[in-house]
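Worksheet: the structure to be examined is printed underneath.
None of these values were measured; they are calculated from a predicted model.
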Amino acid sequence: MVKAVVGANWGDEGKGKITDTLAKEADIIVRFQGGANAGHTIVNDYGKFALHTLPSGVFYSHTTSVIGNGVALNIPILFEEIKSITDRNVPMPKILVSDRAQIVMPYHILFDQYEEERLGGKSFGSTKSGIAPFYSDKYAKIGFQVNELFDEELLKEKVERVVALKNVLLEHLYHKPLIDKDELLETLHSYREMIEPYVCDTATFLENANKEGKTILLEGQLGTLKDPDHGIYPMVTSSSTLASYGAIGAGLAPYDIKQIITVCKAYSSAVGAGAFVSEIFGDEADELRRRGGDGGEFGATTGRPRRMGWFDCVASKYGCRLQGTTDVAFTVLDVLGYLDEIPVCVAYEVDGKETTDFPVTHLLEKAKPVIKKLPGWKCDIRGIKNYDELPENCRKYIEFIEDHIGYPITMVSNGPGREDIIYRESKLK
């Protein structure tokens, strides 16, 4: 059975924790898009980890971790990440890398930095991980697939051709040092040595595993609102964040995906620029940021303070719809225990009209939140294992959110650890 774990919002919803929890019963975990530009925070028996490329199931010895063809593969960062977990006594995970995955080149990272510098105050708030230049090259058909590392003549010819093109931009647009093609070729040789033991036809591996009845988890990066087609364009990422892309980025048939677990936070947070209707500021935001997540709401990759807001029913309903949600995992609920009242954004006001439909970006930027306040529960809910044992106001909050987004909340996370999960039967199922 193939399941997908994806985000409903701007990313940072807690997908890593949910994947890590579900991986206990899984055989294979697949990263299917994105690169090292965003991270998943995991808290387990080994400690606290921020993963960027590795799937969040690497901590189980019975699982195989697959880097799918849709991933922006930064080979040195992948190996730094492997070392970062094995240095902390995590057993060496079983890893397979798609021979069709494409490589983040050293110049992609430079071009990302140079373009943000050139744009100045109009920049996109990039993590400068090379992701946009990488995907630009992929769709311009001048990217490097992993399998091309193993054909020396092809590699030499392609390096020469691509470097000539890149150096024109470096010289005349960015006024930066040029790329040395011989140095680049040597770098690619070193990448080849690093990645060779892991490379295979992962699409065929996954097809066979699915036929054998294995459980496969597809792990997405970021969330619906960062999708380049359906998100808050242009302040989006460069690969599709939707579960439907999981079939493409892993090399599976679309009808293979039977369950889509969409992760929503019990409040909202975002890293980077872009429309964020329910955003809060000042002391109110600082307090939620300080209490939030596990040790505060800061980007797992960048360390940047996350922008904070209340739960947004409009964005979350839209996010769940685009994902094709079968189940909602509702995370960091325990964080809200300090509040007397909990504001929830239930609609937007755009040009004087109220709507519960998520609008396009230029209208979104004018939208004002319509807020409803719910009574808080004013106690610590960590350690509770059964839904009926949650405080009444806590249950009412969950059920209010469920009614407004229209998708069943079947998992509730009330702490950072993999065991801090409450399973519930939803009336919507």
Side-chain angles (χ1 to χ4, degrees), residues 6-18 33-34 37-41 50 52 116 123-129 131-132 220-242 262-282 284-320 322-323 329-332 335-336 343-345 348 358-369 371 401 405:
V6 288
N9 303 115
W10 300 265
D12 312 311
E13 297 97 347
K15 295 180 294 299
K17 183 256 176 77
I18 299 302
Q33 50 85 219
N37 54 315
H40 292 163
T41 301
H52 307 279
E116 288 287 288
S123 71
F124 293 104
S126 168
T127 60
K128 301 181 179 67
S129 304
I131 301 303
Q221 183 202 66
L222 297 169
T224 307
L225 305 183
K226 289 292 187 176
D227 184 81
D229 286 291
H230 298 285
I232 52 172
Y233 187 86
M235 300 302 184
V236 292
T237 193
S238 301
S239 64
S240 177
T241 58
L242 302 184
T262 303
V263 186
C264 286
K265 265 181 170 166
Y267 52 89
S268 297
S269 69
V271 171
F276 186 3
V277 176
S278 69
E279 186 171 11
I280 57 176
F281 303 92
E284 187 178 41
D286 288 341
E287 179 78 353
L288 183 56
R289 184 181 299 111
R290 183 179 66 79
R291 292 174 176 269
D294 179 61
E297 288 284 0
F298 300 91
T301 297
T302 62
R304 287 186 291 189
R306 290 179 178 139
R307 298 162 65 195
M308 306 305 297
W310 301 121
F311 189 88
D312 186 330
C313 293
V314 179
S316 298
K317 179 180 72 172
Y318 174 81
C320 287
L322 267 293
Q323 293 289 6
F330 200 49
T331 60
V332 292
V335 169
L336 299 179
V344 179
C345 175
Y348 295 165
F358 192 76
V360 295
T361 304
H362 75 96
L363 296 176
L364 196 62
E365 287 168 346
K366 298 193 289 183
K368 297 175 182 176
I371 297 292
I401 297 298
I405 63 175

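- Contact between K226 and A273 at its shortest, heavy atoms only, is NZ-O, 3.6 Å.
- Nearest heavy-atom pair across S239 and P228 is O-CD, 3.3 Å.
- The shortest heavy-atom contact between T361 and G231 is OG1-O, 4.1 Å.
- Take A270 and apply the side-chain contact (heavy atoms from CB on, under 4.5 Å) test, not counting sequence neighbours, and it matches W10, F276.
- Atoms CD and OG1, from Q33 and T237 in turn, are 7.0 Å apart once rounded to the nearest 0.5 Å.
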Criterion side-chain contact (heavy atoms from CB on, under 4.5 Å) on T241 and Q221, from CA distance to verdict: CA-CA 6 Å; T241 58; Q221 183 202 66; 6.0 Å; no

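- Here the straight-line distance linking atom OH of Y318 with atom NE2 of H230 works out to 6.0 Å at 0.5 Å rounding.
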Given side-chain contact (heavy atoms from CB on, under 4.5 Å), test T224 with N9 step by step and report yes or no. CA-CA 5 Å; T224 307; N9 303 115; over 6 Å; no

Can you check side-chain contact (heavy atoms from CB on, under 4.5 Å) on V6 and L222, steps first, answer last? CA-CA 8 Å; V6 288; L222 297 169; over 6 Å; no

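- For F311, the ring pair (Phe, Tyr, Trp, His ring centres under 6.0 Å) partners at least two apart in sequence or on another chain are F330.
- The structure places OG1 of T262 at 9.5 Å from CD of E13, a figure rounded to the nearest 0.5 Å.
- Counting heavy atoms from C-beta on, the side chains of R307 and S269 never come closer than 4.5 Å.
- Counting heavy atoms from C-beta on, the side chains of D229 and S240 never come closer than 4.5 Å.
- Under the side-chain contact (heavy atoms from CB on, under 4.5 Å) criterion, V314 pairs with D312, Y348, F358, sequence neighbours left out.
- Between C264 and C320, the closest side-chain pair of non-hydrogen atoms falls below 4.5 Å.
- A distance of 16.0 Å separates OG in S278 from NZ in K368, rounded to the nearest 0.5 Å.
- At a threshold of 4.5 Å between non-hydrogen side-chain atoms, the residues L242 and Q323 count as touching.
- Looking at heavy atoms from C-beta onward, L364 lies in side-chain contact with V277 at the 4.5 angstrom threshold.
- Summarising the geometry of I371 relative to P343, their closest heavy-atom pair is CG2-CB, 3.7 Å, with the distance given to 0.1 Å.
- At a threshold of 4.5 Å between non-hydrogen side-chain atoms, the residues V335 and L288 count as touching.
- Closest non-hydrogen pair, L225 versus V236, comes out as O-CG1, 3.9 Å.
- Under 4.0 Å is where a charged nitrogen must lie from a carboxylate oxygen, and between K265 and E297 at least one such pair does.
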